[in-house]
Amino acid sequence: MNHHYEPQEVFRAAIEKIQYLEMLYGDCIPWAAINEGFYINGEKILLASKANGIFKPRQLAQGLLSIKTTEPRKGRSNIYRDQELDEGYFRYSLQDGDPHGREKKGRDNKHLRKALENGTPFIYFHAVAEAKYKAIWPCFIANIKQQEDNKWYCEVCTSIQTALPRDGLELYLPSEADRRYSVQQTLVRLHQARFRESVLKAYDYRCAISRLPIVRLLEAAHITPDSDDDGIASVSNGIALSRIHHVAYDSNMLGISPDYKIVVSQELLASKDGKILESIVDSHGKYLFLPKESSSQPDRDRLKARFELFMNCH
């Protein structure tokens, strides 16, 4: 027999699990990890549903625990019209059918309306790649509206809150200014997570220099910095590097020529500080491991401009 728990108790336990997953995977949590769920009093509770975007676990007394936006498989299109908007909210499509959730088709919509009515927080699993998600929390339903084509959607906003209060669960719908700021920051994180996942996938989840295969220690280095006007989030503007190689590259202590040759600064070559720098020093004069697809390989013009900057620093 399943117990019914209050929204605050369920949400707090869910966020504790999310924080653990974020520690392991950052902004790119695999579905397999999300699907493990969490426990209250030894009872397993799911975080989300694979089949449905709007999810209320059966143990939750009312409201909802999460919503989900998926990334369609290659060659497929997303039937929903969810949008990332720089307007202080995300637009999330209601389930097809009865927008009020009173009929079988569209019945999950009632969970969105209950969250709006009660102002309760929930989690938004937003896809950054196929079967990989960034967890956005705490989220709130600000409004439920009908479009001109009679489709319904809700406005989902998120708070700048980054940690749960120690006592109780005093989370409230943020002000309009906070909504805009929080959504802007979330969009940046989504952008970064998508770029990292695309680059790491192109390099088979290995460092292009050391071949380190530990995903948690890998990052997507920009050739042209994303702060530049031309710093596009294209795989050809990225290189999969371990954290120490990434720092060395960004600090112009390691350069990569247009023909993919690795050049290490004299400062590092002269260093005698042991094992940590060995993988960098030993890469001097070698070549990058490249993605199989030519379209994913580093752009030579970008490498040339960046390599000139490296040479001017030494």
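When a residue number appears, it is its place in the shown sequence, counting from 1.
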Side chains of Asp149 and Gln147: donor-acceptor distance under 3.5 Å anywhere?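 Distance-only check passes for Asp149 and Gln147.
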Distance only, no hydrogens: is a donor on one side chain within 3.5 Å (strictly under) of an acceptor on the other, for Tyr203 and Ser296? no
Please name all residues satisfying ring-ring contact (aromatic ring centres under 6.0 Å, His included) with Trp31, sequence neighbours left out, ordered by chain then number.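 If we apply the ring-ring contact (aromatic ring centres under 6.0 Å, His included) test to Trp31, skipping adjacent residues, there are no hits.
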How would you list, by chain and number, every residue that makes a side chain to side chain donor-acceptor pair (under 3.5 Å) with [X], sequence neighbours excluded?
X	result
Thr158	none
Asp108	Gln95
Gln192	none
Lys145	Glu155

Output every pair passing ring-ring contact (aromatic ring centres under 6.0 Å, His included) with a member in residues 32-69, not counting sequence neighbours, ordered by first then second residue.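 Checked against ring-ring contact (aromatic ring centres under 6.0 Å, His included) - neighbours excluded - no pair reaches residues 32-69.
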Which ring-ring contact (aromatic ring centres under 6.0 Å, His included) pairs, counting each pair once, include a residue from residues 248-295, with sequence neighbours left out?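 Matches after skipping sequence neighbours: none remain.
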Please check if the number of heavy atoms outside Glu278 that lie under 6.0 Å from its CD is greater than 12.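 More than 12 within 6.0 Å, yes.
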Member of Lys151, Lys104, Arg107 meeting the salt bridge (Lys or Arg N to Asp or Glu O under 4.0 Å) criterion with Asp96: Lys151
Which salt bridge (charged side-chain N to carboxylate O under 4.0 Å, His left out) pairs, counting each pair once, include a residue from residues 197-217, with sequence neighbours left out? Lys132-Glu197
Rounded distance [0.5 Å steps], [atom1] in [X] versus [atom2] in [Y]:
X	Y	atom1	atom2	result
Ile244	Leu277	CD1	CG	5.5 Å
Ile136	Ser66	CD1	OG	12.0 Å
Lys110	Lys56	NZ	NZ	8.0 Å

Exam field: side chain Asp98 to backbone Glu103, donor-acceptor pair closer than 3.5 Å: yes
Test item: Tyr92 side-chain N/O and Lys68 main-chain N/O as donor-acceptor pair under 3.5 Å: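 Yes, Tyr92 side chain to Lys68 backbone: donor-acceptor pair under 3.5 Å.
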Pairwise side-chain contact, Leu116 with Asn143, heavy-atom cut-off 4.5 Å (strictly under):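 With C-beta onward as the side chain, the pair stays apart.
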Criterion side-chain contact (heavy atoms from CB on, under 4.5 Å) on Thr69 and Phe90, from CA distance to verdict: CA-CA 11 Å; Thr69 296; Phe90 293 87; over 6 Å; no
Which residues pass the side-chain contact (heavy atoms from CB on, under 4.5 Å) test with Ser198, not counting sequence neighbours? Val235
Residues that Ala233 engages under side-chain contact (heavy atoms from CB on, under 4.5 Å), provided they are two or more places apart: His191, Phe195
Show me, pair by pair, the donor-acceptor contacts under 3.5 angstrom made by side chains of residues 218-225, not counting sequence neighbours?
| residue | atom | partner | partner atom | Å |
| --- | --- | --- | --- | --- |
| Glu219 | OE1 | His246 | ND1 | 2.7 |
| Thr224 | OG1 | Arg302 | NH1 | 2.9 |

Carboxylate-amine/guanidinium contact [X] [Y], below 4.0 Å:
X	Y	value
Arg300	Asp259	no
Lys304	Asp299	no
Glu117	Arg113	no

Where do Arg306 and Asp250 land on the salt bridge (charged side-chain N to carboxylate O under 4.0 Å, His left out) test, with the steps shown first? CA-CA 10 Å; Arg306 182 65 183 267; Asp250 282 355; 3.6 Å; yes
The remaining residues in the hydrophobic cluster of Phe310, counting side-chain heavy-atom contacts under 4.5 Å among Ile, Leu, Val, Met, Phe, Trp and Tyr, are Val263, Phe307, Met311
